[in-house]
Protein chains: 2
Amino acid sequence: MLGIGKLSAATGTKVPTIRYYEEIGLLPEPERTSGNQRRYAPAQVDRLRFIRHCRDLGFPLADIRALLDLGDDPDRSCESADTIARHQLAEVERRLASLASLRQELCRMIDQCAGGTVADCRVIETLADHANCISDRHGHPDRRDASGRPRAPDTTGSTAA
Amino acid sequence: MLGIGKLSAATGTKVPTIRYYEEIGLLPEPERTSGNQRRYAPAQVDRLRFIRHCRDLGFPLADIRALLDLGDDPDRSCESADTIARHQLAEVERRLASLASLRQELCRMIDQCAGGTVADCRVIETLADHANCISDRHGHPDRRDASGRPRAPDTTGSTAA
DNA sequence: GATGGGATCTCTAGTAACTAGAGCTTCAAG
DNA sequence: CTTGAAGCTCTAGTTACTAGAGATCCCATC
């Protein structure tokens, strides 16, 4: 039986995130101490690790939920799990292709920047004119928002390129 | 002078998105008809195209705002624009590398799925055990949330792999 | 000039997956 | 027994939009 802090440390999940997962029903409500603090059984460590690993792989929580449901019933066919994984793979490949084209365009833009004033800057100019694009639509990497890509530690602090 | 619907059609931007951009100050408040409807000058088409193109390239709105500010002052050095573009490129490359590793792991998982029951399913098992990972952390593609990847049309409808 | 229906208006709320902070209580080490 | 770290709940904010309700407007046709 471990407290939320230990669970957090054991899985690399932030404490508020654990509570959030509980709130949305991904983690079961744990036992509580007489003082109302959460105490987790070791099995919850595995469950949370599973969730985090899936998140690292880019699975949305809805899919993880489906996977967890599957896991609760070991005699079922694993067809669904396979399907989910294949979808995720397709998604990843789509994003890879899209990013590759973005990379090309960004490189081209940067290469052409002579470093003068904004008036002659190729970066600005290129961005201003979609007609110059290599691909006309950049492939629309994904449509699921606010996620879809592996979540991250938030320690970077960068404004993000 | 065109209405919001025409601007929408001319730029491939949804109408509510245009209003949203106005709300957050990316687009200036346009003139209005006596009946309170927005009428846009042709210059706004270009500005909105610029914004959309940047979004397609994965730039967050904050960066686009910076770029637009630069563009408003053509005599300034384009150093900042260059820096922003380089950051964005670095970001894209980081995500590319990360996705490549995800792809590998997903492929491996799927290849090993023999199609039996969940109990023997390699997909479930692999997901359950982070220790089997190829990379231990999958590279943490990015930390800026709820965006950071090119937005998309939302027409896919897929639950997203 | 009337009319009708598509386009627009504002406003609120919802999405995904968290994160941050306030203000208070509990636990455990010394 | 004290004290400070860790935990509690609750609200609100983040990003970039999207959806819907209910009212109004514009313009093309008759």
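Every chain is numbered from 1 and lettered A, B, ... according to where its sequence line falls, protein lines coming before strand lines. Remember, it's a predicted structure, so these values are computed and weren't measured experimentally.
Residues meeting the side-chain hydrogen bond (donor to acceptor under 3.5 Å, both in side chains) test with A/R39, sequence neighbours left out: A/Q37. In terms of the side-chain hydrogen bond (donor to acceptor under 3.5 Å, both in side chains) criterion, A/E31 has no residue partners (sequence neighbours excluded). Partners of B/E22 according to the salt bridge (charged side-chain N to carboxylate O under 4.0 Å, His left out) rule, which considers only residues two or more places apart in sequence or in another chain, are B/R32, B/R38. For A/T17, the side-chain contact (heavy atoms from CB on, under 4.5 Å) test picks out A/T13, A/K14, A/Y21, A/R52, with sequence neighbours left out. Taking B/L2 as the reference, B/K6, B/Y40, B/V45 meet the side-chain contact (heavy atoms from CB on, under 4.5 Å) condition, with sequence neighbours excluded. Every residue was checked against the side-chain hydrogen bond (donor to acceptor under 3.5 Å, both in side chains) condition with A/Q44, not counting sequence neighbours, and none meets it.
With the end axes of the helix from C/dG1-D/dC30 to C/dG30-D/dC1 each set by five pairs, the angle from one to the other reads 0° at 10° resolution.
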Base-contact (B) and sugar-phosphate-only (S) positions in nucleotides 25-30 of chain C, heavy-atom cut-off under 4.0 Å, - elsewhere: -SSS--
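A close approach under 4.0 Å does occur between a side-chain nitrogen or oxygen of B/K14 and OP1 or OP2 of D/dT18. The phosphate of D/dT15 has neither OP1 nor OP2 within less than 4.0 Å of any side-chain N or O from B/R65.
Summarising the geometry, the separation between CD1 on A/I51 and C1' on C/dC18 is reported as 14 Å, rounded to the nearest angstrom. In this structure, B/R32 atom CZ and C/dA7 atom C1' are separated by 14 Å, rounded to whole Å. Regarding A/I64, its CD1 atom lies at a distance of 12 Å from the C1' atom of C/dA16, rounded to whole Å. The CD1 atom of A/I18 sits 16 Å away from the C1' atom of C/dA20 (whole-angstrom rounding). As a whole-Å value, the separation of A/L7 CG from D/dA6 P is 15 Å. Residue B/L61 contributes atom CG, which lies 13 Å from atom P of D/dT14 at whole-angstrom precision. Here the C1' atom of nucleotide D/dC8 and the OH atom of A/Y40 are 12 Å apart, to the nearest Å. Regarding B/I4, its CD1 atom lies at a distance of 13 Å from the P atom of D/dT18, rounded to whole Å.
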Could you run down the sub-3.5 Å N/O contacts of the protein with nucleotides 11-14 of chain C?
none

Mind listing the N/O atom pairs, protein and nucleotides 1-5 of chain D, below 3.5 Å?
none

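Note that CG of A/D46 is 10.5 Å distant from OG1 of A/T11, once rounded to the nearest 0.5 Å. For the atom pair CZ of A/R47 and CG of A/L68, the computed distance is 4.5 Å after rounding to the nearest 0.5 Å. The distance from atom CZ of A/R55 to atom CG of A/D63, rounded to the nearest 0.5 Å, is 10.0 Å. Atom CG of A/L89 is separated from atom CZ of B/R103 by 6.5 Å, given to the nearest 0.5 angstrom. Taking CG from B/L26 and OH from B/Y20, the interatomic distance works out to 8.0 Å, rounded to the nearest 0.5 Å.
Residues from residues 20-29 of chain B with heavy atoms under 4.0 angstrom of DNA chain D, sorted by number: B/Y20, B/Y21.
Positionally, the nearest nucleotide of DNA chain C for B/R38 lies more toward the 5' end than for the other of B/R38 and A/T17. Residue whose closest nucleotide on DNA chain C sits further toward the 5' end, between A/P16 and B/G3: B/G3.
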